[in-house]
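Working notes, structure below.
Lettering follows sequence order; numbering is per chain, from 1.
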Protein chains: 2
Amino acid sequence: MVDKLISHINGICLLNGEEIEIVKELVREKDVPRKHFVHRAGEIAQYSAFILEGCLRSYTIDQNGFEHILQFAPENWWISDMYSFVKQTPSELNIDALLDSKVLILSRDCQLRIFDRIPKLERYFRVLTENALASSNHRTLDYLSLPAKVRYQKFCDLYPTLINTLPQKQIASYIGITPEFLSKLRGERS
Amino acid sequence: MVDKLISHINGICLLNGEEIEIVKELVREKDVPRKHFVHRAGEIAQYSAFILEGCLRSYTIDQNGFEHILQFAPENWWISDMYSFVKQTPSELNIDALLDSKVLILSRDCQLRIFDRIPKLERYFRVLTENALASSNHRTLDYLSLPAKVRYQKFCDLYPTLINTLPQKQIASYIGITPEFLSKLRGERS
DNA sequence: CTTATTTCTTAACCTATATTAAGAAATCGA
DNA sequence: TCGATTTCTTAATATAGGTTAAGAAATAAG
C-alpha cells in the first residue's frame with residue numbers, strides 16, 4: 001500500500017531504490033473507521049496523514065457548537081493541522097474520517113529528519129505546500145468576492161467525486177453556509 | 001539593502017559567504033512608488049517580491065469593480081501571485097504599492113535554479129510557505145466561524161502596524177466587509 | 001496655501017443568508 | 001429487517017451586513 005505514496009512522490013521527484021526503502025521505514029499504515037479521529041483539538045499535531053483509501057476532514061467547532069470544515073482529504077491527499085504540526089502548539093482542529101479509511105502517518109520528527117537524508121523530499125513537500133497555499137488563496141478570494149450559489153457551483157466543478165460521496169451538510173459547512181440554505185439554493189431553477 | 005533579505009534567510013537557515021554572493025547576484029532591487037504596480041491581472045507572474053521598505057498588497061477586482069485584498073506585505077514579507085507564479089498561468093491578481101516602497105525581485109526561473117545550487121534555500125522557502133499556509137488556514141476558519149466585528153478585532157491584534165499606516169477601506173476589504181460597515185462597527189460601544 | 005481628491009461617517013432602506021421548527025427521506029446499526 | 005438516527009426539505013421569520021447617498025474630515029497635489 002505504501003506504493004501509492006511512492007508513486008505520488010514520483011509524480012514530483014523521482015526516488016531511487018534506497019530512498020524508497022527509507023520512506024517505507026518512516027511511515028506507518030493505519031486503519032481509520034468512519035467517525036474515528038486521527039487528531040483532536042487541544043492536542044499538538046504529531047502526525048500528517050496521507051490518505052490511501054476513503055476520506056478524512058479537518059474542522060473546528062465554534063462557541064455555538066457548529067462545525068466548520070477546513071479541508072477534505074480524499075485519496076492521495078495529505079491532511080494535518082498545518083499550524084500545530086509546524087509550530088508544535090496545541091491545535092484548534094479535529095481530524096476524523098468521513099468514510100472507512102486507510103492512511104499512512106508520518107510524524108513531524110520523522111519528516112524533519114527525512115529532509116536531511118533525502119533533500120528530494122524537502123522538494124516534494126515544498127511543491128505540495130505551494131499548491132495547497134495557491135488553492136487556499138483561491139478559496140479566500142472566493143469568499144471575499146462570490147455569493148454562496150457560485151461558490152457551490154465552483155465546488156461541484158472542482159470536487160465532483162465528493163459531491164456524490166459526502167452528505168450535503170458537510171459541503172455546506174465547507175463553503176460557509178447552513179445546510180438549509182444550501183438546500184434552498186439547490187432547489188432553485190437555472 | 002540586500003542584507004535585509006540575507007538576515008531574514010539567516011533567521012531560518014544560515015548561509016555561508018559564497019551562498020550569500022549567489023543570492024545577491026540573483027535578486028534585483030527595485031523602487032515602487034505608491035500606486036505603482038509590480039504585477040497586473042492577466043499576466044503570468046514572473047517575479048516574487050521581498051519588501052525592503054513600504055507596503056504592497058495583492059487583490060482582485062470583481063465583476064462589479066470592487067477590490068478584494070488577498071494579502072498585505074509590509075517590510076520583510078514576500079508577495080506574489082502564488083498560483084500564477086507556481087503554475088505559470090495567467091493571474092487574476094494585481095499587486096501594487098500602498099506606500100512608496102523598495103523591494104527585491106526574484107524570478108521563478110532563478111528561484112528554481114537556486115534550489116539546485118543552494119538546497120538550504122529550498123528549505124527557506126518551504127518554511128515560509130508552510131507558515132503562509134498555516135496563516136491562510138486560520139483566516140479561512142475565521143471567515144467560516146466569526147462575525148465581522150471579531151474578525152476586525154483579530155486583525156487589529158495581529159497587525160497593529162497596519163492599522164495606523166493603512167486607510168480603513170483597505171482593511172475592510174481584507175476582512176471582507178464594506179468600508180461603511182466597518183465604520184459602523186468602529187462606532188459601536190464596547 | 002488652496003483646491004481637488006480620497007477617505008470616513010451617518011442614516012435610511014434593502015437583501016443574502018441565518019434561525020427555528022417540523023415533517024419526509026435516507027441511512028445506519030442491531 | 002426494522003427502529004433509531006441522521007440528513008434533507010420547506011417555509012416563516014429574523015438579522016448581519018450591503019447599498020445608496022450626502023456631507024464632513026483628512027490627505028494629496030499644484
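Aromatic rings from Tyr159(B) and Phe72(B) are positioned such that their centres are separated by 6.0 Å or more.
A straight line from CZ of Arg151(A) to P of dA16(C) spans 13 Å, rounded to a whole angstrom. Separating the CZ atom of Arg186(A) from the P atom of dT7(D) is a distance of 15 Å, rounded to the nearest angstrom. Protein atom OH of Tyr152(A) is 15 Å distant from nucleotide atom P of dT17(C), rounded to whole Å. As a whole-Å value, the separation of Lys184(A) NZ from dT13(D) C1' is 11 Å. Rounded to an integer number of Å, the gap from Glu67(B) CD to dT7(C) C1' is 13 Å. We find that CG of Leu98(B) is positioned 14 Å from C1' of dT6(C), with the value rounded to whole Å. As a whole-Å value, the separation of Tyr143(A) OH from dA16(D) P is 20 Å. At whole-Å resolution of the value, CG in Leu185(B) and P in dC8(C) are 14 Å apart.
Using modelled atom types, one finds no donor on one side chain facing an acceptor on the other under 3.5 Å when comparing His68(B) with Tyr143(A). For the residue pair Arg186(A)/Tyr152(A), the side-chain donor-acceptor check at 3.5 Å is satisfied.
Scanning residues 165-182 of chain B for heavy-atom distances under 4.0 Å to DNA chain D yields Gly176(B), Ile177(B), Thr178(B), Glu180(B), Phe181(B).
For Asp116(B), the side chain to side chain contact (heavy atoms under 4.5 Å, CB included) partners at least two apart in sequence or on another chain are Arg123(A). Applying the side chain to side chain contact (heavy atoms under 4.5 Å, CB included) rule to Thr161(B) yields no partners; only residues at least two apart in sequence or on another chain are considered.
One distance of note links CZ of Arg151(A) with CD1 of Ile171(A); it measures 14.0 Å at 0.5 Å rounding. The line from CG of Leu52(B) to NE2 of His8(B) is 11.5 Å long, rounded to the nearest 0.5 Å.
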- Query: What string of B, S and - do you get for nucleotides 23-30 of chain D 5' to 3' if you count protein non-hydrogen atoms under 4.0 Å?
  - Reply: -----S--

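Cation-pi geometry between Arg139(B) and Tyr174(B) is met: under 6.0 angstrom from the ring centre, within 45 degrees of the axis.
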Which donor-acceptor pairs under 3.5 Å do the side chains of residues 88-107 of chain A make with protein atoms, sequence neighbours left out?
{"unit_1": "Gln88(A)", "atom_1": "NE2", "unit_2": "Ala45(A)", "atom_2": "O", "d": "3.1"}
{"unit_1": "Gln88(A)", "atom_1": "NE2", "unit_2": "Phe85(A)", "atom_2": "O", "d": "3.0"}
{"unit_1": "Ser91(A)", "atom_1": "OG", "unit_2": "His39(A)", "atom_2": "NE2", "d": "2.9"}
{"unit_1": "Ser91(A)", "atom_1": "OG", "unit_2": "Asp81(A)", "atom_2": "OD2", "d": "2.8"}
{"unit_1": "Ser91(A)", "atom_1": "OG", "unit_2": "Leu93(A)", "atom_2": "N", "d": "2.9"}
{"unit_1": "Ser91(A)", "atom_1": "OG", "unit_2": "Leu93(A)", "atom_2": "O", "d": "3.2"}
{"unit_1": "Asn94(A)", "atom_1": "OD1", "unit_2": "Ala41(A)", "atom_2": "N", "d": "3.1"}
{"unit_1": "Asp96(A)", "atom_1": "OD1", "unit_2": "Arg57(A)", "atom_2": "NE", "d": "2.8"}
{"unit_1": "Asp96(A)", "atom_1": "OD2", "unit_2": "Arg57(A)", "atom_2": "NH2", "d": "3.2"}
{"unit_1": "Asp96(A)", "atom_1": "OD2", "unit_2": "Tyr59(A)", "atom_2": "OH", "d": "3.2"}
{"unit_1": "Asp100(A)", "atom_1": "OD1", "unit_2": "Arg34(A)", "atom_2": "N", "d": "2.7"}
{"unit_1": "Ser101(A)", "atom_1": "OG", "unit_2": "Cys55(A)", "atom_2": "N", "d": "3.1"}
{"unit_1": "Ser101(A)", "atom_1": "OG", "unit_2": "Leu99(A)", "atom_2": "O", "d": "2.6"}
{"unit_1": "Lys102(A)", "atom_1": "NZ", "unit_2": "Asp31(A)", "atom_2": "OD1", "d": "3.1"}
{"unit_1": "Ser107(A)", "atom_1": "OG", "unit_2": "Cys110(A)", "atom_2": "N", "d": "3.1"}

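For the helix from dC1(C)-dG30(D) to dA30(C)-dT1(D), the end axes, each set by the C1' atoms of five terminal pairs, are bent relative to each other by 70° (nearest 10°).
Glu75(A) has a carboxylate O that lies under 4.0 Å from a charged side-chain N of Lys4(A), or vice versa, which qualifies the two as a salt bridge.
One hydrophobic cluster, built from ILVMFWY side chains closer than 4.5 Å, holds both Ile163(A) and Leu166(A).
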